Enquirer: 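Got a structure for you, written out below as structure tokens; questions coming shortly.
Letters A, B, ... mirror the listed sequences (proteins, then strands); counts begin at 1. These figures come from a predicted structure and were not determined experimentally.
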2 protein chains.
Amino acid sequence: MDWQLLDLLQRDGRMTFAELAKRVSLSAPATTERVRRLEQAGVITGYAAVVAPHRLGLPIEAIVRVRVRSLDTPRFRERVVTAPQVLDADHVTGDDCWLLRVVCRTMAGLEEFVELAQRYGDTTTSLVFSSAARNRPVTRELFGNP
Amino acid sequence: MDWQLLDLLQRDGRMTFAELAKRVSLSAPATTERVRRLEQAGVITGYAAVVAPHRLGLPIEAIVRVRVRSLDTPRFRERVVTAPQVLDADHVTGDDCWLLRVVCRTMAGLEEFVELAQRYGDTTTSLVFSSAARNRPVTRELFGNP
DNA sequence: GTTGAAAGCAGGAGGGT
DNA sequence: ACCCTCCTGCTTTCAAC
């Protein structure tokens with residue numbers, strides 16, 4: 001039941017509680033209550049409009065892997081991770097300590113960003129051709145397998 | 001003005017148009033009209049609830065890079081990219097043709113997934129320690145630099 | 001772009017299982 | 001604990017301007 005709500009809200013975050021209630025065959029107050037519980041439990045952390053950067057004049061998307069020298073990590077977080085180009089920043093295991101997803105208006109802009117990142121470690125940059133999936137909803141199916 | 005709306009909606013996708021109107025000092029119908037335009041122009045592609053996988057019993061998040069053999073790409077898209085574990089899938093330039101963000105319930109589950117991906121090419125897997133940024137809003141600031 | 005009226009929605013109180 | 005029905009105040013939407 002909660003999975004159904006999560007699925008609907010991940011696909012359309014602006015669906016009204018009345019509509020949501022219809023879809024799950026519950027009354028509106030009961031539905032509202034369940035969603036509030038999911039929010040307070042930290043399962044739902046927020047709602048967001050999904051934007052297409054390329055429609056906003058940001059045609060370039062890239063993944064920049066950075067092997068940050070550990071002493072430089074605090075400054076890297078301050079000066080690189082917080083740059084507006086950075087949409088996602090993950091600290092990961094392995095040789096490339098950080099993975100950044102960035103968007104840029106021009107190649108020159110990307111170059112400038114990569115040069116900034118280079119100050120804190122070696123980088124490897126991959127341009128994104130296309131995204132076959134983006135922010136796919138988390139579903140109950142994930143519990144079929146181990 | 002549209003940037004202001006985009007910013008507000010990316011941070012709180014469920015904000016009412018009435019509230020939105022107050023924030024941008026416009027009437028509600030004018031605000032609704034502007035948002036509809038942004039939607040139809042493809043700038044806003046949807047709205048989504050943001051969910052925390054680790055609160056749903058999916059404590060493991062990983063980035064799997066896959067160097068897919070080109071002849072296997074169609075099958076890779078069908079059988080790997082569409083797996084429910086895959087939240088993001090990007091086709092990129094460089095040696096690692098694909099970057100997948102996956103979530104799993106257990107290490108065994110991740111292992112199983114990586115073995116599936118291995119059938120289509122060599123993989124490199126990084127576990128995510130933490131995410132310093134996730135789906136950060138696209139802002140007007142991006143147009144200060146080139 | 002604005003206003004104003006009608007329909008629909010959200011959030012609370014109270015009661016039933 | 002969970003759900004339902006009613007009621008009041010907002011929100012949305014459509015019209016006219």
Enquirer: Do B/Leu56 and B/Val86 belong together in a cluster built from hydrophobic side chains that touch within less than 4.5 Å?
Expert: no
Enquirer: Does a nitrogen or oxygen in the side chain of B/Arg37 sit under 4.0 Å from OP1 or OP2 of C/dG1?
Expert: no
Enquirer: Nearest whole angstrom, please: distance from the C1' of C/dA10 to the CD of A/Glu19.
Expert: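 Rounding to the nearest Å, CD of A/Glu19 and C1' of C/dA10 are 15 Å apart.
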Enquirer: Could you check how far CZ of A/Phe17 sits from C1' of D/dC10, rounded to whole Å?
Expert: 14 Å
Enquirer: For A/Lys22 and for A/Pro29, find the nucleotide of DNA chain C with the closest heavy atom, then tell me which residue's nucleotide is more 5'.
Expert: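 Nearer the 5' end of the strand: A/Lys22.
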Enquirer: To check you understand the geometry: which heavy-atom pair defines the closest contact between A/Arg67 and A/Asp95, and what is its length?
Expert: CG-O, 3.3 Å
Enquirer: In plain terms, say whether B/Arg23 and B/Asp12 are close enough for a salt bridge, that is, a side-chain N and a carboxylate O under 4.0 Å apart.
Expert: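 A salt bridge is absent here (no side-chain N lies under 4.0 Å from a carboxylate O).
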Enquirer: Looking only at the side chain of B/Ala18 (C-beta and beyond, no hydrogens), which of the listed nucleotides D/dC4, D/dT12, C/dT2 gets closest?
Expert: D/dT12
Enquirer: Rounding to a whole Å, what distance do you find between B/Met15:CE and D/dT12:P?
Expert: 11 Å
Enquirer: Ion pair present between B/Arg101 and A/Asp90, side-chain N to carboxylate O less than 4.0 angstrom?
Expert: yes
Enquirer: Return the value, rounded to whole Å, for the distance between atom CZ of A/Arg36 and atom C1' of C/dA10.
Expert: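 Rounded to whole Å, this separation is 9 Å.
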Enquirer: Got A/Val103 and B/Arg136 here, is their nearest side-chain heavy-atom distance under 4.5 Å?
Expert: no
Enquirer: Starting the side chain at C-beta, find the nucleotide from D/dC4, C/dG11, C/dT2 nearest to A/Leu26.
Expert: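 Out of D/dC4, C/dG11, C/dT2, the nucleotide with an atom closest to A/Leu26's side chain is D/dC4.
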Enquirer: Please determine if B/Glu78 and B/Arg75 form a salt bridge, counting it only when a charged side-chain N lies under 4.0 Å from a carboxylate O.
Expert: no
Enquirer: Send over the distance from A/Glu33 CD to D/dC3 P, rounded to a whole Å.
Expert: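 So the two atoms are 9 Å apart, to the nearest Å.
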Enquirer: Kindly calculate the angle separating the two end axes of the helix from C/dG1-D/dC17 to C/dT17-D/dA1, each obtained from five base pairs, and round it to 10 degrees.
Expert: 30°
Enquirer: Any idea how A/Phe76 and A/Tyr120 line up, ring-wise: parallel (<30°), tilted (30 to 60°), or perpendicular (>60°)?
Expert: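 Perpendicular.
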Enquirer: State whether A/Arg34 places a side-chain N or O below 4.0 Å from either non-bridging phosphate oxygen (OP1 or OP2) of D/dC2.
Expert: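 So the side-chain polar atoms of A/Arg34 never come under 4.0 Å of the phosphate oxygens OP1 or OP2 of D/dC2.
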Enquirer: Of A/Arg14 and A/Thr31, whose nearest nucleotide on DNA chain D comes first from the 5' end?
Expert: A/Thr31
